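Atoms within each ligand, like the ligands themselves, are counted from 1 in listed order. In this text the structure is predicted, and so the values were computed from the model without any measurement.
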Amino acid sequence: MSTALQTSTDLRIGPYAVDPAVVLAPMAGITNVAFRQLCREFGSPTSLYVCEMITARAIVERDSKTMEMITFGPDEHPRSLQLYGVEPASMSEAAKIIVGEGRADHIDMNFGCPVPKVTRKGGGAALPYKRRLFRDIVRAAVKAAEPAGVPVTVKFRIGIDDDHHTFLDAGRIAEDEGARAVALHARTAAQRYSGQADWDAIARLKEAVTSIPVLGNGDIFSAQDALDMIAKTGCDGVVVGRGCLGRPWLFGELQAALNGEPVPRSPELGKVAEIIARHGRLLAAHLGEDKGVRDLRKHMAWYLKGFPVGADLRRSLAMVSTLTELDDLLGRLDPTAETLEAEGPRGRQGSPAKVVLPEGWLDDPEDGMVPAAEDMHSGG
Ligand SMILES: Cc1cc2nc3c(=O)[nH]c(=O)nc-3n(C[C@H](O)[C@H](O)[C@H](O)COP(=O)(O)O)c2cc1C
């Protein structure tokens with residue numbers, strides 16, 4: 001049993017006992033069915049691997065591309081789906097469609113997106129500032145999903161900026177409304193991905209929210225980071241985003257550390273090449289070879305980061321078109337080369353930016369005005 005599970009708050013999802021100690025963060029454009037399977041092959045089968053975010057309105061409108069994104073592997077359980085919505089009615093309807101059609105076992109709600117296109121309309125990380133609206137949306141999702149045995153969890157940031165923190169209210173409201181866990185990305189929207197995550201906020205949320213698991217998110221790049229976050233904050237689990245980009249084996253390292261076992265050494269380039277080939281095949285199986293190999297391209301720089309690979313070969317791999325070509329190029333890598341960077345990409349540098357909000361948004365934290373629109377295609 002993992003150390004993090006020795007809390008009073010483990011998470012059950014339908015018939016599945018879930019160990020919330022390690023969670024793959026939802027990442028738009030990344031955590032599709034192939035990437036989730038790859039991470040699961042390294043990590044624990046009882047961890048939670050969350051899919052790419054899906055927009056509630058697009059489900060309600062039965063947008064065909066969106067419906068296709070709701071794809072899970074035949075043995076993938078629990079099927080964990082993240083929803084983005086800005087008003088209770090469409091959130092409720094989308095949740096009803098998902099549970100009514102048996103399309104997922106778990107719904108996570110995304111209130112963390114900081115991009116101006118989204119916050120400008122009061123969505124994403126801007127939304128929890130409007131306490132009543134936030135409560136209504138969470139309530140709508142829980143009411144639609146819980147009776148069918150589909151638990152709802154809620155993910156949010158610290159707040160809009162340093163003057164407008166919302167996470168403690170958001171956590172208490174989510175708990176009150178029947179969410180089964182909350183996850184805090186310990187940055188403000190103004191920070192986007194810059195600077196360091198503020199793990200003290202996770203500790204404060206853990207003190208405020210006592211009846212459901214509190215998951216910490218932000219800057220887990222190594223097994224030691226996970227142990228440190230759990231020790232410093234008392235959180236019930238860690239949610240891992242950028243740290244596993246090009247490093248799906250991080251889930252094995254995290255599990256070993258949490259089990260108190262020796263953490264495996266980071267793989268040499270030969271092993272990484274095998275993992276890239278496996279990732280390519282999983283993508284091809286799910287998306288078709290052309291689309292799948294194209295999708296793999298974006299992962300290439302992450303996989304090769306820190307390894308001594310010539311510029312030409314690196315470029316060819318980033319433009320690979322077929323599985324045969326992939327195998328040929330991977331065969332040219334030096335299998336014994338070691339990475340100079342034992343850890344994944346650390347947070348981007350940069351300073352907080354002003355968050356673009358609807359006119360008058362900050363005037364009244366209670367007012368439940370519904371944001372204008374729900375178009376959103378990038379993540380949190
Ligand atoms: C490429 C990318 C896409 C993301 N997409 C989503 C998303 O769809 N939903 C969401 O809640 N968060 C999304 N996030 C935020 C992550 O889930 C996570 O909160 C954030 O990266 C902080 O964790 P980390 O420090 O471990 O990366 C995304 C992050 C990245 C880097």
Answer with side chain, backbone, both or neither: which part of His185 has a heavy atom less than 4.0 angstrom from an atom of ligand 1?
-> side chain
Phe221 touching ligand 1 at heavy-atom level, < 4.0 angstrom = no
For ligand 1, is any non-hydrogen atom under 4.0 Å from Asn217's backbone (N, CA, C, O), its side chain (CB onward), both, or neither?
-> side chain
Whether Gly218 lies under 4.0 Å from ligand 1, heavy atom | yes
If hydrogens are left out, which of Pro114, Ala28, Cys244 has an atom nearest to atom 5 (N) of ligand 1, that is, the closest non-hydrogen atom?
-> Ala28
Does the side chain of Val138 reach to within under 4.5 Å of the side chain of Phe111, using non-hydrogen atoms?
-> yes
Are Asp225 and Lys232 ion-paired here, with the side-chain N under 4.0 Å from a carboxylate O?
-> no
Validation row, ring centre His299 to ring centre Phe35 under 6.0 Å = yes
side-chain contact (heavy atoms from CB on, under 4.5 Å) partner of Asn32, chosen from Leu287, Leu282, Thr71 = Leu287
Contact partition for Lys155 relative to ligand 1, non-hydrogen atoms under 4.0 Å | side chain
Inspect the contact between Glu76 and Arg36 and indicate whether a charged nitrogen and a carboxylate oxygen are less than 4.0 angstrom apart.
-> yes
Enumerated ligand 1 atoms positioned under 4.0 Å from heavy atoms of Met53 = 8 (O)
Would you say Glu52 and ligand 1 have an N/O pair spaced under 3.5 Å apart?
-> no
Which is it for Tyr84 and ligand 1 at heavy atoms under 4.0 Å: side chain, backbone, both or neither?
-> neither
Ligand 1 and Pro26, any nitrogen or oxygen pair closer than 3.5 angstrom?
-> yes
Any idea which atoms of ligand 1 are less than 4.0 Å away from a heavy-atom of Asp219?
-> 24 (P), 25 (O), 26 (O)
Would you mind listing every ring-ring contact (aromatic ring centres under 6.0 Å, His included) that reaches into residues 239-276, with sequence neighbours excluded?
-> Tyr49-Phe251
Solution key, residues 163-170 side-chain donor-acceptor pairs under 3.5 Å, sequence neighbours excluded:
from	atom 1	to	atom 2	distance (Å)
His164	ND1	Asp161	OD1	2.8
Asp169	OD2	Arg131	NE	2.9
Asp169	OD2	Arg131	NH2	3.1

Please determine if Arg157 forms a cation-pi arrangement with Tyr193, meaning its NZ or CZ atom is less than 6.0 Å from the six-membered ring centre and no more than 45° off the ring axis.
-> yes
One finds that the ligand 1 atoms under 4.0 Å from a non-hydrogen atom of Ala25 are 17 (O)
